[in-house]
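Labels below follow one simple rule: chain letters A, B, ... track the order of the sequence lines, proteins then strands, and each chain is numbered from 1.
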Amino acid sequence: MKKLLGGLNEDQRRAVETTEGPLLVLAGAGTGKTRVITVRTAYLLNAGVSPESILLVTFTNKAAREMRERLKKMVGKKKAEQLTCGTFHSFCIRLLREHHEKLDLPEAFGICDGSDQMTAIKGALRELRIPEQQVNPRAAQSRISLYKNSCVSPDQAIDEAADDWELAVAHCFRKYEEHLRRSRVLDFDDFLLFAMRLLTEHEEVREQLEERYKYVMIDEYQDTNGPQYGIMHAIVRGHRNLCVVGDDDQSIYGWRGADISKILGFEKDFPGADKVHLGINYRSTEEIIDAANKVIRNNPKRHEKSLRSALGTGSSIPILRMDDETHEASYIATEIEALVREGSNRYGDIAILVRTAQQPRAFEAELRGFDIPYKLVGGMSFFDRKEVRDILSYLRLIANPADETSFLRIANIPARGIGKTTIDKVVTAATETGTGAFPTFRRLVEDGTIGGAAAKGFVKLRESLNVAHAYAQQGDLVFTVTELLNLIEYRSEVDRIYPDDQTRELRWNGVMEILNFAENYQRKDKKPTLTGFLEALTLDESDRKDKDDGDNDSVTLMTLHSAKGLEFRRVYLVGVEEGIMPHIRSATEGTVDEERRLMYVGVTRAQHELSISYCAARAKFGKLVPCHPSRFLFEMKEKTPPDDWMAAGSTPPPPPPVRKKAKRRARRRRM
DNA sequence: TGTGTCCGAGACGAA
DNA sequence: CTCGGACACA
């Protein structure tokens, strides 16, 4: 026990030792949050709590894995493997698979991922004859998700629609839901909603969980949304042994329904809760912490607190004005090249953090130009690649014959002469009769409405997939995938579509990569199933990342959102301009505070050196337009922006808030 | 029906 | 500029 607590500061220790009753741990960036959670878990175990009684909820699967690894070292493999540790989503899925019959769900329900959602929404809009320029599918998707997370039903949404746009989206919502249910799939929001329903409608299940999980811990509590809160609350409301850990200043998922008021109001939700504030930052120099504090204190609604650095002074933070994004990228690439050449940094020490998904473009070009190894985190996922989605759609259809999105997608893959017209006929007929797309397809072929050998052949192919299903049942996934590839002659399809040798190989590699995943999964999982395999791929972003993730020495290029929780010796925070950070949309949506938190997250990723830059102009839609330094930079320097700062015509932004500094203090103290 | 070209809209984040 | 959709053609 002694040993466990050794090395913890007073606050950390208090958080670990407060095991009974509700506890709020406010853990600023870099204050040893993960350490506290793992030690607290180990502490509970050492005190005799059974590992089965502990529920540990993390924000990502990666975090869950790492947590478990750490615990293995502290309490042994056995115990670490017995505790329940995962994201809300994976926890809920497990629950739903176990209790599927209570909710009238098939056991092997499929998962509708983001891109399937988009397909489904576009389909719904088309059925409703709503042109996409009237309702942007993307906007519809996010609104629908918002409805779902606030437990608004389609009918309610229709009733309460305030204008035409909302009405259109609400109808789209209804169609979308019908589509999901018909396809027997759940989207990400559904996991939570169905789990919530399970707990409300089946008291015995709720009691069973409450009985089992006597100690519950939630990490990244600031990112918890309504349904997640409901689920958690249902489990702990009896014993109230709940420990939530988070930082309201790092709440950056409001757009995804995360509800920052939950962490702000924790003490109201759980009267008598203990509160521990971890305020000592072990990650960054004083300059960096100081900058972070100065920015974040401009947010009105937050737990009052500020960070102190345990590291002492370091170097000052340059704020650099660049001509445009190309200049910014080449400047930074040059600097990185020099730093590494002279030995002050390794590539792996360095991260370039961006706000938006298109910013990396310029950097990729320059980094490549300088032969600097880099890895781009986020961006187009492996699973957005056409060939990968093709195969996956087939696999989903094999696992879940009702999956309409997948069925419609593969109907003409490889191209077999089943075009838009045919599909439209099928969809219309299917909607009218309320039958599934494939039965409808078969019926239309049989009664001659759709003719042709192509259609007949496809019916046959579709039926032979049932055979594949049988293999899959036996758990031989590699065999299933291989057979599938043969059956649909996918290799020749790839050869046909990509005449260029290089792309062809690239594409085929994507296909082979799925085989690798399957092989891996099959080897690691005790009871491999196709459904489980697809679930693992869809749910766990980090599983898909190339294995080179860890140790190879390269510069990290990523968005601020994916940087949360990480740290780097040297960080370049780029494109810090009005309209980018804060993002243009935040003004109309009233989310500038969240943008500020994003800035705060970015600044606090840096351990020793932080360099901030903004551009005087930037190419937008192929045209160069002037930009202005972000208000956050003024806040950081405690200056007021000049009156003409954003004035329309004042082309090149007025004063760079400040330039590099000359007075450099003893760089010694930071070890 | 598949393929190619033109056109207009766009623009953040991800389990 | 860069994508996806619409449209025209073979």
Carboxylate-amine/guanidinium contact [X] [Y], below 4.0 Å:
X        : Y        : value
A:Asp190 : A:Arg181 : yes
A:Lys564 : A:Asp223 : yes
A:Glu577 : A:Arg355 : no

Exercise. For B:dA14, does either OP1 or OP2 sit under 4.0 Å from a side-chain N or O belonging to A:Thr60?
Worked result: no
Problem set entry | Contact under 4.0 Å: A:Asn225 side-chain N or O vs B:dA15 OP1/OP2 |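 No, A:Asn225 has no side-chain N/O under 4.0 Å of OP1/OP2 on B:dA15.
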Problem set entry | cation_pi(A:Lys148, A:Phe188) dist<6.0 Å, angle<=45 | no
Exercise. Does the cation-pi check pass for A:Arg462 over A:Phe438, that is, NZ or CZ under 6.0 Å from the six-membered ring centre and within 45° of its axis?
Worked result: yes
Have a look at [X] and say if it touches a base, only the backbone sugar-phosphate, or nothing, with a 4.0 Å heavy-atom cut-off.
X        : value
A:Lys620 : base
A:Ser90  : nothing
A:Gln359 : nothing

Over how many whole Å does the gap from [X] atom [atom1] to [N] atom [atom2] extend?
X        : N      : atom1 : atom2 : value
A:Ile413 : B:dT1  : CD1   : P     : 16 Å
A:Leu146 : B:dG13 : CG    : C1'   : 14 Å
A:Leu534 : B:dA15 : CG    : P     : 17 Å
A:Arg138 : B:dA11 : CZ    : C1'   : 9 Å
A:Asp116 : B:dA14 : CG    : P     : 18 Å
A:Met118 : B:dG13 : CE    : C1'   : 13 Å
A:Lys564 : B:dA15 : NZ    : P     : 11 Å
A:Lys623 : B:dA9  : NZ    : P     : 14 Å

Seminar exercise, completed: Hits for side-chain contact (heavy atoms from CB on, under 4.5 Å) against A:Glu594, two or more places apart or cross-chain, chain-then-number order -> A:Trp255, A:Thr591, A:Arg597
Exercise. Which pairs with one or both residues in residues 113-141 of chain A pass ring-ring contact (aromatic ring centres under 6.0 Å, His included), sequence neighbours excluded?
Worked result: none
Problem set entry | Residue pairs passing the ring-ring contact (aromatic ring centres under 6.0 Å, His included) test where at least one lies in residues 105-138 of chain A, sequence neighbours excluded |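 Sorted result for residues 105-138 of chain A: empty, none.
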Exercise. Centres of the A:Phe88 and A:Phe59 rings: under 6.0 Å?
Worked result: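 No, the ring of A:Phe88 stays outside the 6.0 Å limit from the ring of A:Phe59, centre to centre.
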Checking contacts here: which listed nucleotide ([options]) is nearest the side-chain heavy atoms of [X]?
X        : options                : answer
A:Phe188 : B:dA15, B:dG13, B:dT1  : B:dA15
A:Thr422 : B:dA15, B:dC12, B:dT1  : B:dT1
A:Asn136 : B:dA14, B:dA11, B:dC12 : B:dA11
A:Tyr253 : B:dC12, B:dT1, B:dA14  : B:dA14

For this session: Between C:dA6 and B:dA11, how far apart are the P atoms? Round to whole Å, please.
Result: 16 Å
For this session: Grab the two heavy atoms, one from A:Leu103 and one from A:Phe194, that are nearest each other, plus how far apart they are.
Result: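 Taking A:Leu103 first and A:Phe194 second, the nearest heavy atoms are CD1-O, 3.7 Å.
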Exercise. Just by distance, do the side chain of A:Glu364 and the backbone of A:Arg361 share a donor-acceptor pair under 3.5 Å?
Worked result: no
Exercise. Checking A:Ser150 side chain against A:Leu146 main chain: does a donor-acceptor pair fall under 3.5 Å?
Worked result: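 It does hold such a pair.
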Seminar exercise, completed: Comparing A:Asn412 with A:Gln117, nearest DNA chain B nucleotide closer to 5' gives the residue A:Asn412
What nitrogen or oxygen pairs link the protein and nucleotides 3-5 of chain B at under 3.5 Å?
{"from": "B:dT3", "atom 1": "OP1", "to": "A:Arg496", "atom 2": "NH1", "distance (Å)": "3.0"}

For this session: Let me have a per-nucleotide readout for nucleotides 1-10 of chain C, 5' to 3', with B, S or -, counting only protein heavy atoms under 4.0 Å.
Result: BS--S-----
For this session: For DNA chain B, find the residues of residues 580-587 of chain A with a heavy-atom distance under 4.0 Å and give them by number; none if there aren't any.
Result: A:His583, A:Arg585
Exercise. Can you tell me if CD on A:Glu489 sees more than 12 non-hydrogen neighbours from other groups inside 6.0 Å?
Worked result: no
Problem set entry | Aro-ring/base stack A:Trp255-B:dG13, d under 5.5 Å, angle under 30° |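 A:Trp255 ring centre within cut-off of B:dG13 base, planes near parallel; stacks.
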